Amino acid sequence: MVEIPFALELAGHALGALGAVLIFFEFFQLPDYIEYDSEYNDYTIDISPMEVREYTSVGRIGAFVMAVGFALQFLATLLTH
């Protein structure tokens, strides 16, 4: 049987790793206002300030999951002392 603080610490590590992977994927997404034309080997930028989104759902979910992971690790540390 695993003790509760140790289980919370492991869950925090797992959630932190999952959140970090989601944020990693966020950094390598091509923005929707940039289009690549392979025929001309050229990029075009069609930008309107009202349509630009700085972050996607993947990055936001990753940041939230990572924050929950850190909170679980803090709770586990608090329970062990």
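These numbers come from the heavy atoms of this one structure, side chains and all, not from hydrogens, waters or symmetry mates. The structure displayed is predicted, hence computed values, not measured ones.
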Listed partners of Asp37 passing side chain to side chain contact (heavy atoms under 4.5 Å, CB included), at least two apart: Glu39, Tyr40

Between CG on residue Leu22 and CZ on residue Arg60, distance to nearest 0.5 Å: 14.0 Å

Connected via hydrophobic side-chain network under 4.5 Å: Phe64 and Val58: yes

Heavy-atom check, side chain of Tyr36 versus side chain of Asn41, under 4.5 Å: yes

Cluster link Val21 to Leu10, ILVMFWY, side chain under 4.5 Å: no

Ile34 side, atom CD1; Thr44 side, atom OG1 - distance, nearest 0.5 Å: 9.0 Å

Smallest separation among heavy atoms of Pro5 and Thr80, with atom names: CB-CG2, 3.4 Å

Spatial distance of atom CZ (Phe70) from atom NE2 (His13) [nearest 0.5 Å]: 10.0 Å

Aromatic ring proximity Phe28/Phe24, centre distance under 6.0 Å: yes

Within 6.0 Å of CD1 in Ile4, more than 12 heavy atoms from elsewhere: no

Phe25 side, atom CZ; Ile61 side, atom CD1 - distance, nearest 0.5 Å: 13.5 Å

Gln73 side chain reached by Leu8 side chain, heavy atoms, under 4.5 Å: no

Joint cluster assignment, Phe6 & Val68, ILVMFWY side-chain distance < 4.5 Å: no

Side chain to side chain, Thr56 and Glu26, heavy atoms closer than 4.5 Å: yes

Gap between atom OG1 of Thr77 and atom CD of Glu9 - 0.5 Å precision: 6.0 Å

Non-hydrogen atoms of Ala11 and Leu72 that approach each other most closely: CB-CD1, 4.0 Å

Where Leu15 and Val65 come nearest, the two heavy atoms and their spacing: O-CG1, 3.2 Å

